[in-house]
Amino acid sequence: MTTALEKKQYFVHSLLAWFRAYQRDLPWRRTKDPYRIWVSEIMLQQTRVDTVIPYYERFLERFPTVEALADAPEEEVLKLWEGLGYYSRARNLQSAVREVRDTYNGVVPDDRQHFSSLKGVGPYTTGAVLSIAYNRPEPAVDGNVMRVLSRYFLIEEDIMKGSTRAHMEHLIREMIPHDAAGDFNQALMELGALICTPKSPQCLVCPVMEQCTGRLEGKEEQLPIKKKAKAPRPEYRIAAMVGSVEGEKPFLIRQRSGQGLLANMWELPHMEYGKGMEELSEAGEQEALARHIQAETGLIVKPHGFLMNAEHTFSHIHWNMKVYAFEIVQQHPLPDHYRWIRKEEMQHFAFPNIFLRIIGARQS
DNA sequence: GACACGTGGCG
DNA sequence: TCGCCAAGTGT
């Protein structure tokens, strides 16, 4: 018979020993700089380690300190974030770093109250940075931790509910070693990433298999309990390649608003055009786009044929996009958020993935 | 609590 | 192929 206390002690010690033997050598594990830990945690939100690594290296080469990031132009930060997704993370991070510079004398706060008040810093990031950089005994409950704990302790609560997170945080506070808080939190996540994976967990090599109730009950594949996400809603859009379809000549781009989806990023001019692919004829679509462009820019353009279809799935929206080419009939001075650029100049503008693909596909 | 908010990898 | 999902936060 094992007591609840023994089950927790076994978990802590087995997990820590395993982590110290098998943890991956990751760039942000080679530093204790709170700023660098912080950057890594923001990039890692909803994003895979392998995706983050090159972004992390480039970002810290360009912005090695709180001051460097605080002083940078926002466009440059966004450009270095291009392709990583969830772009408000970049803006919030820079805003938070500016607050650290202005309010905390450039020193990342080492307590929950101050650090968690910064933009983009929620309960997970608070616990992760404070424990890893400052060894504070704070829980850092992410998806990995929820999965590991729900299996080990057989917690059959919906992990989308706030009360479940509170339950997990309480468990962590009971277990977290005050002399190894960062290692413990990272060990939990590392186990979730390497062994206690969402599908086909590697229970036979798991350091805590002996006491894992989910495994002992044969329920590990059913945990954690989580409601299914809704399917992205479809949207039908028509986009314009105005100007050149070849590499050397300029084409028309515009900047999105500072709020909402893909805030402040650049794109090809485009518009939504109804609920189905058969709303308008091809000629009707080109006419609608030409009017849209003239209304927004004053440019007079003439249809030059169909270019390509493109699809892109965001978390909550699925874009079906038809791209048409246009020639300029009459020039007009552009409003501020429009530009003529050549392909080489794209390095100065941050584009979301779907437009990188469309424009890139035009090149060869 | 529910929804907005990106992207790429994997079985 | 395609649904699921990966170190979440803001509103």
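What you are looking at is a predicted structure, and each value in this text was computed from that prediction instead of being measured.
Between A/M146 atom CE and C/dG8 atom C1' the separation is 10 Å, expressed in whole Å. One can place CE of A/M43 at 16 Å from P of C/dT9, the figure rounded to the nearest angstrom. If you take CD of A/E311 and P of C/dT1, they are 11 Å apart, rounded to a whole angstrom. The separation between A/L223 atom CG and C/dC5 atom C1' is 17 Å, rounded to whole Å. In this entry the distance linking CG of A/L93 with P of C/dG8 reads 16 Å, nearest Å. Whole-Å rounding puts the A/M168 CE to C/dG8 P distance at 14 Å. Going from atom CD of A/Q259 over to atom C1' of B/dA4 covers 12 Å, rounded to whole Å. Rounding to whole angstrom units, CD of residue A/E169 and P of C/dG8 are separated by 14 Å.
Using a cut-off of 4.0 Å between Lys/Arg side-chain N and Asp/Glu carboxylate O, A/E267 and A/R237 are scored as not salt-bridged. Taking a cutoff of 4.0 Å between a charged side-chain nitrogen and a carboxylate oxygen, A/E190 and A/R24 qualify as a salt bridge. Using a 4.0 Å cut-off between a side-chain N of Lys or Arg and a carboxylate O of Asp or Glu, A/R291 and A/E287 qualify as a salt bridge. A salt bridge is absent between A/R339 and A/E345: the closest approach of a Lys/Arg side-chain nitrogen to an acidic carboxylate oxygen does not fall below 4.0 angstrom.
Nearer the 5' end of DNA chain C, as judged by each residue's closest nucleotide, is the contact made by A/E41, out of A/N92 and A/E41. Nearer to the 5' terminus of DNA chain C, by closest-nucleotide assignment, is the contact made by A/S40 (compared with the other of A/S40 and A/L118).
Dashed line: the shortest gap from a side-chain N or O of A/K227 to OP1 or OP2 of B/dA2 is under 4.0 Å. The phosphate of B/dA4 has OP1 or OP2 within less than 4.0 Å of a side-chain N or O from A/R233. For B/dG1, neither phosphate oxygen OP1 nor OP2 lies less than 4.0 angstrom from any side-chain nitrogen or oxygen of A/K161.
By the 30° and 60° cut-offs, the orientation of the rings of A/F153 relative to A/F11 is tilted. The aromatic rings of A/W28 and A/Y56 lie perpendicular to each other, with more than 60° between the two planes, well past the 30° mark.
With both ends at atom P, the span from C/dC4 to B/dC3 equals 16 Å, rounded to whole Å.
Within 4.0 Å (heavy atoms only), A/R147 reaches sugar-phosphate atoms of the nucleic acid but no base atom. Residue A/L26 is classed as a base contact, given a heavy-atom separation below 4.0 Å to a base. Among the heavy atoms of the strands lying under 4.0 Å from A/W28 is at least one base atom, whether or not backbone atoms are also near. As judged by a 4.0 angstrom heavy-atom cut-off over every strand, A/V49 is placed among the base-contacting residues. As judged by a 4.0 angstrom heavy-atom cut-off over every strand, A/R165 is placed among residues making no nucleic acid contact. Base contact: A/R29 has a heavy atom under 4.0 Å from a base atom.
In summary, the side chains of A/Q46 and A/Y86 do not present any donor paired with an acceptor at a separation below 3.5 Å, with no hydrogens or angles considered. Looking at A/Y124 and A/E41, their side chains do bring a donor and an acceptor atom within 3.5 Å of each other.
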For this session: Between protein and nucleotides 6-11 of chain B, map the contacts as a letter string: B base, S sugar-phosphate only, - none, heavy atoms under 4.0 Å, written 5' to 3'.
Result: BBBB--

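Contacts with DNA chain C (heavy atom under 4.0 Å) in residues 173-193 of chain A: A/M189, listed by number.
No side-chain heavy atom of A/V208 sits under 4.5 Å from any side-chain heavy atom of A/W18.
By the 4.5 Å side-chain criterion applied to Ile, Leu, Val, Met, Phe, Trp and Tyr, A/L5 is assigned to no cluster and stands alone.
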